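Right, one structure below, let's go through it.
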There are 2 protein chains.
Amino acid sequence: MTKRGPTLEDVAREAGVSRATVSRVVNGVRNVDPRIQEAVRRAITRTGYTPNQAARSLVTRRTGAVALVFSAAGEAFAARVFADPFFGRVVDGALGFLRERAVQPVLLVAESEQARTQVVQYLRQGAADGALVVSLDADDPLPGMLVAAGVPTVLFGRPPGPLRAGYVDLDNAAGARLAAGHLLARGRRRLATIGAPRSAPAARERLDGFRAALAEAGITGVPVVRGRFTAASGREAMARLLREHPGLDGVFAANDLMALGACQYLRERGVAVPGDIAVVGFDDSRAATECRPGLTTVRQPVEEMAAAMARLLVDRLRGAAEEGSRVLFDPVLVVRESS
Amino acid sequence: MTKRGPTLEDVAREAGVSRATVSRVVNGVRNVDPRIQEAVRRAITRTGYTPNQAARSLVTRRTGAVALVFSAAGEAFAARVFADPFFGRVVDGALGFLRERAVQPVLLVAESEQARTQVVQYLRQGAADGALVVSLDADDPLPGMLVAAGVPTVLFGRPPGPLRAGYVDLDNAAGARLAAGHLLARGRRRLATIGAPRSAPAARERLDGFRAALAEAGITGVPVVRGRFTAASGREAMARLLREHPGLDGVFAANDLMALGACQYLRERGVAVPGDIAVVGFDDSRAATECRPGLTTVRQPVEEMAAAMARLLVDRLRGAAEEGSRVLFDPVLVVRESS
DNA sequence: CTGAAAGCGCTAACAT
DNA sequence: ATGTTAGCGCTTTCAG
C-alpha cells in the first residue's frame, strides 16, 4: 500500500554513477567532482529522491532526532501541561537550539504508567538518539528507566538519587533567599508560603531556602500550605492561609501560577497587594507579567536552561561531553508591583 | 560508541531455534508451538532483547508511530501554544485513542518555515506512518506539503482548498447561531464580536454565522474587533469596543480565552457581567470554568474531535478508510453566569 | 510448525 | 575521485 519512492539505486542509474557516489553527495562528503555532484543533484530532483531514514539508521545507528519528554501522572495530563507556561518555555528553548543544528525535536508525553512503558520502548528501540526529560515528581521512575535502557539522557533538575544522566538546574535555594531578602527589606515579617507537592524537588528547595533565610533573620514557624502549581490551587492555598493566619503581610509562592491565584483571591477579598500583603512568585513566566498588579518574582531562565539541556545532550552524542555533565543557573529577582 | 544490544540472532541461538521463529514469537504470529514460544520468551528476557525499529521499518515500511503536528508561525510559538488550553485538549484526546492501540504519538512543532521543512522531511523519510495536523492559518503550506510528500494526513478543521486529506471539524456556524440565539433570547440587541485573524477559517465561520443569525433577526452592522486568540488580545479588543461602541449590551468572542480577557477588562472597569454586558465565548475550555463569572460558551468537544482524527488516520493506515474521510461534530451551548 | 534464504535501502570500508 | 562489496537487523516468502 505504501508506494515506495525512488532509492539511491534509482538516482545512481539516472546520474550514471554508483550508489556510493550518490550517498556521498547526499551526505555532503567532500572529494566528489563538482560536475558529478551537479549531475547527481539534478538526478535527485528529477527523481524526487528522499533518503530512507530506516535504512540509514540501520547502519549509522543514528536518527538525527532527539526526544523531549514530559513526564508526570494524572488525569488530563496534557491539558495541565499545556496550561502551564513553564513547559512552553522549555519547548521554545530546546527547539531553538536543536533547529539550528538540524536536529529534529520530537515531543513525547508520558502521562501514565502505560505511556511511560511505551515511551521507554520507543526510545530504546532507537527512535531518537537521546532524551531531554522534564519530570515533575521526585519518585518518577522514567529517568531511571531511560538510563537503564541505555538512552542518553539529560534532565531538567537534579535527579533525587545518583543517576548516569546529565542535568541542568537552577539554584532554587538561592532564588528563595532572594525572595526572602526582598520581603524582609520591604519590612514584612509575618510571612507565609504556598508550596507544592512534596514530590517536587525544586519546589521543596525553594521552600527550604526561604525558611532558612528567614531563620537567619530570626523568623521561624513560617506556615506552609501546599498547592499543585496551578492558579486554582494558589487561590485555595491563599484562602486557607488568610483564614488560619489573619495577620499575614507577605507570601512567597513556589511558582508564578500559584502566586497569580493568590493575588486574584486577595483582590477579590479586598485585600490590597502589596499594601496589605506583599506577594512574590517564582519563575517569571507570562503569568507574572499578566498578573495585576505585576508580579514580583524570581526569574528562572527556562529557555536558556532548556537550550543548555539540548547542548549537553548534543555534545554528549558527539562524544564531547561526559555522561554526568551538569549546568547550574543563577536566579535573579525581578521586582514588579506585587511587593 | 553506541553499544549494540542483542539481536534476533542472539535470541535465536540462545533459544536453539531460527531467527524466523523468534520473529514470529515477537510479532505474535500464531502457528508456533507453545513450548517453543515459551523457550523463546525466556531467551528474550535472558538476553534483554529489544527489536531494532530501524531494521523492522526497513522491511515493513511501518513505524507504529503517528505524528501530531502543531503548526503556525510566530515568535515563541510553543509558549503560545502551551498557553492555550485548546492544544492540551487535542493532545489528551489523541493520546487517549492512540495509547489504547499501542500507537506511539509523537508531537512535532512547526513554528517557522525552517521548522516546517524539517518536519516534512522527517515525516517523508518515514519517521511516522501518518500525521494529525492542527494548523492555525488558512494559508499554512504545511498540510499541502505533507500531502504532496505522500504522508497520510488528517486535519483539524476543513482545509481551505481541496486536499487529499481527511479532516474533522465542528459546525462552527451552527455554534455561532447558538450564541446569537442565546443573546437574543436574553434580550440583548446591541451586540458586538471579538474575532480572530482573518487567516483563521474556524473563527471566520463563527463570526459569519453569528452575523447571519443576527441579520435574520434584523440586526446588522455588528462591530468586529479582531484579537489573536489570547486573553490579552481579548482585553484590548474589549477596551476598544467599549470605547467605540459605548452602548453595547452583549459580546460574542471567537474563543474562550478572548472572552475571558474581555470579562476581566469589563470587571476592572466596573462594568457588570452579565448585568450591563453579556458575554459568550467559544470552546468550553478550562478558561471558561475558571472565569468569574463562569463563562457561557459554545462547547467544542475537542478531545473527541482529536480522538476522531486519530481514528480516521489509524483506519486509513489499515486501509479501512478513504483518503478524504471526514467527521463533523455539533456544537452545544453551555450556559453559565456570563450571559 | 519450523528453517533457509532473499532482500529492505543505505553507509562505510576497501579497492582501484 | 569513484566503484565494489559487505553487511546493519529484521520480516517474509518459500520449502520442507
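As the structure is a prediction and not an experimental result, all values here were calculated from the model. Each chain gets a letter, A, B and so on, in the order the sequences are listed, and its residues count up from 1.
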Assess Arg101(B) against Phe97(B): is NZ or CZ under 6.0 Å from the centre of the six-membered ring, and within 45 degrees of the ring's axis?
-> yes
Leu8(A) CG to dA12(C) C1', straight-line distance once rounded to whole Å = 13 Å
In whole angstrom, what separates Asn52(B)'s CG from dG9(C)'s P?
-> 17 Å
Leu58(A) CG to dA6(D) P, in whole Å, measures 17 Å
The nucleotide from dT4(D), dT2(C), dC10(C) with an atom nearest the side chain of Ala20(A) is dT4(D)
Kindly say whether the aromatic ring centers of Phe156(B) and Phe86(B) come within a distance under 6.0 Å.
-> yes
Can you check whether Ser18(B) has a side-chain N or O nearer than 4.0 Å to OP1 or OP2 of dG3(C)?
-> yes
Identify which nucleotide among dC10(D), dA12(C), dT2(C) has an atom closest to any side-chain atom of Thr7(B), counting heavy atoms from C-beta outward.
-> dC10(D)
Base, sugar-phosphate, or nothing for Val17(B), non-hydrogen atoms under 4.0 angstrom?
-> sugar-phosphate
For atom CZ of Arg24(B) and atom C1' of dT12(D), their distance in whole Å | 8 Å
Report yes if a side-chain nitrogen or oxygen of Ser23(B) is closer than 4.0 Å to either non-bridging phosphate oxygen (OP1 or OP2) of dT11(D); otherwise report no.
-> yes
Look at Thr21(A) and dG3(D) and indicate whether a side-chain polar atom (N or O) is within less than 4.0 Å of OP1 or OP2.
-> yes
Interatomic distance where OH belongs to Tyr49(B) and P belongs to dT11(D) [whole Å] = 6 Å
Distance below 4.0 Å between Asn27(B) side-chain N/O and dT11(D) OP1 or OP2 = yes
Atom CD of Glu323(A): over 12 foreign heavy atoms under 6.0 Å = yes
For the pair made of CD in Glu9(A) and P in dC8(C), what is the distance, rounded to whole Å?
-> 10 Å
Check the distance between dT2(D)'s C1' and Gln37(A)'s CD and give it to me in whole angstrom.
-> 13 Å
Look at Asp315(B) together with Arg318(B) and state whether they make a salt bridge at an N to O cut-off of under 4.0 Å.
-> yes
Considering only dA1(D), dC10(C), dA12(C), which nucleotide approaches the side chain of Thr60(A) most closely?
-> dA12(C)
Over how many whole Å does the gap from Asn31(A) atom CG to dA12(C) atom C1' extend?
-> 14 Å
If you find the nucleotide of DNA chain D closest to Ile36(A) and the one closest to Arg19(A), which residue's nucleotide is nearer the 5' end?
-> Ile36(A)
Distance-only donor-acceptor test (3.5 Å): side chain Arg61(B), base dG9(C) = no
Does a side-chain N-to-carboxylate-O contact under 4.0 Å join Arg42(B) and Glu14(B)?
-> no
